[in-house]
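First the structure, in the form of structure tokens, and then the observations on it.
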Amino acid sequence: MKKLKDFKNSHKNNNTNAKKRDAASWAIMIFAALFIAMMGRVFMYGGTTPVMPGAQNVNISRPVELSFSDVLRRADEIKTMTINGNDATGTLADGTKYNATITYDPEMLAKLADAGTAITIDTSRGWFDTIATFAPLALTLLFIFWILRGFRRGGAAGGISRSLIGQNPTKIATGKPKTTFKDVAGIDSEKQELAEIVDFLKNKDKYKSLGARVPRGVLLSGQPGTGKTLLARAIAGEADVPFFAASGSDFSGIIVGLGVAKIKEIFEMAKRNAPCILFIDEIDAIGQKRSTHSYNDQDREQTLNQLLIEMDGFANDTGIIVIGATNRADMLDAALLRPGRFDRQVYIELPDMAGRHEILDLYAKKVKIGDNVNLMDLARGTTGFSGADLENLLNEAALHAVRNGRDKISPEDIEEARDKIIMGPRKIRKMRPEDIKLTAYHEAGHAFVSLMYDGVADPIHKATIIPRGRALGMVQHLPIDDKVSMTLAEVRANLSIALAGRCAEEIFFGADKITTGAESDIASATRLARYSITTAGLSKKVGLPAINQVGTFGVRGALENASEKTAEIVDAEIRAWLDAAHADATKHLVKNKAKVEKLANALLEHETLTGEEIREIVFGKTKKTAVKKTTKKHTNASKTDE
């Protein structure tokens, strides 16, 4: 209770300081407004004194305006002239008053004097002129005083920036986070890795008795949406300690030294409320590798230096655990990653099938989902999805259910949401009948060749000719289980399936009727063949040497670690693999033209066919898919589109 009270008092003091800084900011803005007003007055009136209302007799007619040339031309008509700076006033011979803007000209004054004009020099100054003269000087002195005061209060960065910030850069929780490890699913190994951090925050004496030092910093890295921020909050919630959070961009600004001041401030608050969790999201914004170039960001590097000092400066037993999160750990400076700062790095991978099932179970409790929705099938069909993607999928399904007047999420809603995320929204476009027919045969070719590799390639989930995104149709495959690699047989099967759509166009419409719709199929087949040959060592002609593909902007990709002769062999081998896959797909389609045509007609009639319906059309009855036991993991849900 005492620790929580101290935390709240610290937060209250921070709010009081923020109010004081707000008052200072308002004072600075008022001074700036006065300064701008004075400068505007100088530019608008040219140093003249404006005529104040009521200063003259309102019954007198309005004075005429004379130019400098008018004064020279009508010198004989001017009876009196009073000069104040560049302004001249007086009366003409007929009694008419005038105003003129002149410049100092001895010849003009002599001409007026010869004409008998009574000339008077007015050296008095109005109150507005006095303010306009001394206000900029006063504001300058106040600004210098404010800067010196900032130096006295803790350095130029500390004093000045805290007045200008106007608010605390950290998002401080007023209490303890309620998130726990129960709210984080699908990353059990990562949670186990971080469990000892929680134990240290709860029972640090146990570690001190053995002389063990718990990591001062933990770096969480991984792809976006994998739950890095959620995991950091869960650690604080499990340990029941305060949680301080800031983003890397909070430590940058237009004022030099602002980031250094904010780093000092957040660590001071953490020390006052230890033990606690100090979380810096997107730490690569301030932790990038330092450069020796003259055009590098000096302010960012000074901020990084201050972070390095703070992380290496506090004692081991303070109970402060610094957690950083980034999607780009390769960009971080080596000094930041060394032992003593971020001692431990935890890479959060995309969830596997079991992890996706756990995440879906967790999020399904927050929505109304029908009993006929199979979450395991959904987990199978969302390979490569992060936790955020899965949450978004269920939310899209819920929105679709509401639009269709349902009170629970149905399998149709799940299917529509998944297709929308993977392929894009459904396109309502008017297509020519011949284009629809060609698309149906194209997708029928993909689907039929997929069945020819039943047991080798992933089973078909569905085929559709409904346009989505940039695709006119799609054949989607769902893996039986996760995969981490592919056999040579699987590679060749996937190449044949990818090129089967183009083969169907050639067979049923002729070589002169083929279209550009196979663009993505050819590109994906080429990437797979190139990877298998140059990186995976699956080609006998190229052999085992790894030849990495290096891409450059505006230049055709070059092969690294390869001579020109080897590059020619690689290009020839890729072409040979694709030609072999094309010939294999053509052989299957020509041999079974009637079945392929029957499948295409069914697509034209129904637009979408499930995997079981496709098997019934081709084989005449449902044929069970040969399931191959494996512990491998795919990086993407397999799909073939036009």
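A quick note: this is a predicted structure, and the numbers were derived from the prediction, not measured.
- Between Lys366 and Glu391 there is no salt bridge, since no side-chain N of the basic residue sits under 4.0 Å from a carboxylate O of the acidic one.
- Side chains of Ile280 and Ser247 form no contact here, defined as non-hydrogen atoms less than 4.5 Å apart.
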Exercise for review: Before giving the answer on side-chain contact (heavy atoms from CB on, under 4.5 Å), spell out for Thr382 and Leu378 the whole-Å C-alpha distance, their side-chain angles and the decisive distance to 0.1 Å.
Suggested key: CA-CA 6 Å; Thr382 51; Leu378 181 57; 4.0 Å; yes
Exercise for review: Run the numbers on Leu538 and Ile533 for side-chain contact (heavy atoms from CB on, under 4.5 Å), then give the verdict.
Suggested key: CA-CA 5 Å; Leu538 297 181; Ile533 293 169; over 6 Å; no
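- Side-chain atoms of Ser221 and Val346, non-hydrogen and from C-beta on, never get closer than 4.5 Å to each other.
- Distance check, rounded to the nearest 0.5 Å: NZ of Lys368 to CD1 of Ile409 gives 11.0 Å.
- The shortest non-hydrogen separation linking Pro275 to Pro242 is O-CD, 3.4 Å.
- Going from atom CD1 of Ile369 over to atom CG of Leu360 covers 8.0 Å, rounded to the nearest 0.5 Å.
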**Study point:** Test side chain to side chain donor-acceptor pair (under 3.5 Å) applied to Gln306 and Gln302, step by step
**Key:** CA-CA 6 Å; Gln306 186 62 40; Gln302 292 301 325; over 6 Å; no
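- Using a cutoff of 4.0 Å between basic side-chain nitrogens and carboxylate oxygens, Glu416 and Arg468 are scored as salt-bridged.
- Expressed to the nearest 0.5 Å, how far CG of Leu201 lies from CD of Glu196 amounts to 11.0 Å.
- Looking at Phe385 and Leu393, their side chains come closer than 4.5 Å, going by heavy atoms from C-beta outward.
- In this structure, the side chains of Ile283 and Leu307 come closer than 4.5 Å at one or more pairs of heavy atoms.
- Electrostatic pairing of Glu396 and Lys420 counts as a salt bridge here, judged by a charged N lying under 4.0 Å from a carboxylate O.
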Check your understanding: Given Asp284 and Thr326, is the side chain to side chain donor-acceptor pair (under 3.5 Å) satisfied, shown in steps?
Key -> CA-CA 6 Å; Asp284 52 274; Thr326 180; 2.7 Å; yes
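- Glu490 places a side-chain N or O within 3.5 Å of a backbone atom of Thr487 that can act as its donor or acceptor partner.
- Within the model, atoms CG of Leu336 and NZ of Lys289 stand 12.0 Å from one another, a figure rounded to the nearest 0.5 Å.
- Heavy atoms only, all atoms of each residue included: Leu544 and Gly537 are closest at CD2-O, 3.9 Å.
- Inter-residue side-chain proximity for Ile414 and Leu394 is flagged as met; some heavy-atom pair is nearer than 4.5 Å.
- Each of Glu415, Gln476, His477 was checked for a side chain to side chain donor-acceptor pair (under 3.5 Å) with His461, and the lone residue meeting it is Glu415.
- Summarising the geometry of Ile359 relative to Pro351, their closest heavy-atom pair is CD1-CG, 3.8 Å, with the distance given to 0.1 Å.
- For the atom pair OG of Ser386 and CZ of Arg356, the computed distance is 11.0 Å after rounding to the nearest 0.5 Å.
- When all heavy atoms of Asn372 and Pro411 are compared, the pair lying nearest together is ND2-CD, 3.4 Å.
- With sequence neighbours excluded, the residues satisfying side chain to side chain contact (heavy atoms under 4.5 Å, CB included) with Arg406 are His400, Ala401, Asn404, Ser410, Asp413.
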Less than 3.5 Å apart, which donor and acceptor atoms pair up between the side chains of residues 183-192 and the rest of the protein, not counting sequence neighbours?
unit_1 : atom_1 : unit_2 : atom_2 : d
Asp183 : OD2    : Thr180 : N      : 3.0
Lys191 : NZ     : Phe181 : O      : 3.2
Lys191 : NZ     : Val184 : O      : 2.8

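- Relative ring orientation between Phe243 and Phe279 is described as parallel, the plane-to-plane angle staying below 30° on a 0-90° scale split at 30° and 60°.
- A salt bridge does not link Asp199 with Lys202: every distance from a Lys NZ or Arg NE/NH1/NH2 to an Asp or Glu carboxylate oxygen is 4.0 Å or more.
- Between the Arg341 side chain and the Leu308 main chain, a donor and an acceptor come within less than 3.5 Å of each other.
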In residues 222-231, what donor-acceptor pairs under 3.5 Å come from side-chain atoms, sequence neighbours left out?
unit_1 : atom_1 : unit_2 : atom_2 : d
Thr226 : OG1    : Gln223 : O      : 2.8
Lys228 : NZ     : Gly222 : O      : 3.4
Lys228 : NZ     : Gln223 : O      : 3.2
Lys228 : NZ     : Asn327 : OD1    : 3.0

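- Judged by distance alone, the side chain of Asp343 and the main-chain N or O of Gly340 form a donor-acceptor pair under 3.5 Å.
- Counting heavy-atom neighbours within 6.0 Å of Tyr347 OH, excluding the residue itself, gives a total above 12.
- Scanning all heavy atoms of the two residues, the minimum distance from Met423 to Ala471 falls at CE-CB, 3.5 Å.
- Counting only heavy atoms from C-beta outward, the side chains of Phe267 and Leu278 approach each other to under 4.5 Å.
- One N or O on the side chain of Asp352 and one on the backbone of Gly355 form a donor-acceptor pair closer than 3.5 Å.
- By the 4.5 Å heavy-atom criterion applied to side chains, Val322 and Met311 are counted as neighbours.
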Point to revise | Residues Leu337, Asp333; criterion side-chain contact (heavy atoms from CB on, under 4.5 Å); working and verdict | key: CA-CA 7 Å; Leu337 301 177; Asp333 194 90; over 6 Å; no
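- The shortest non-hydrogen separation linking Gly384 to Leu350 is O-CD1, 3.7 Å.
- Within 6.0 Å of CZ on Arg328 lie no more than 12 heavy atoms contributed by other residues, nucleotides or ligands.
- Salt bridge status for Lys271 with Glu268: absent, with no side-chain N to carboxylate O gap under 4.0 Å.
- The CG atom of Leu478 sits 10.5 Å away from the CD1 atom of Ile460 when rounded to the nearest 0.5 Å.
- Using a 4.5 Å cut-off on side-chain heavy atoms (C-beta onward), Lys462 and Met474 make contact.
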Check your understanding: So Ile266 and Glu310, side-chain contact (heavy atoms from CB on, under 4.5 Å) or not? Walk me through it.
Key -> CA-CA 10 Å; Ile266 192 173; Glu310 294 289 348; over 6 Å; no
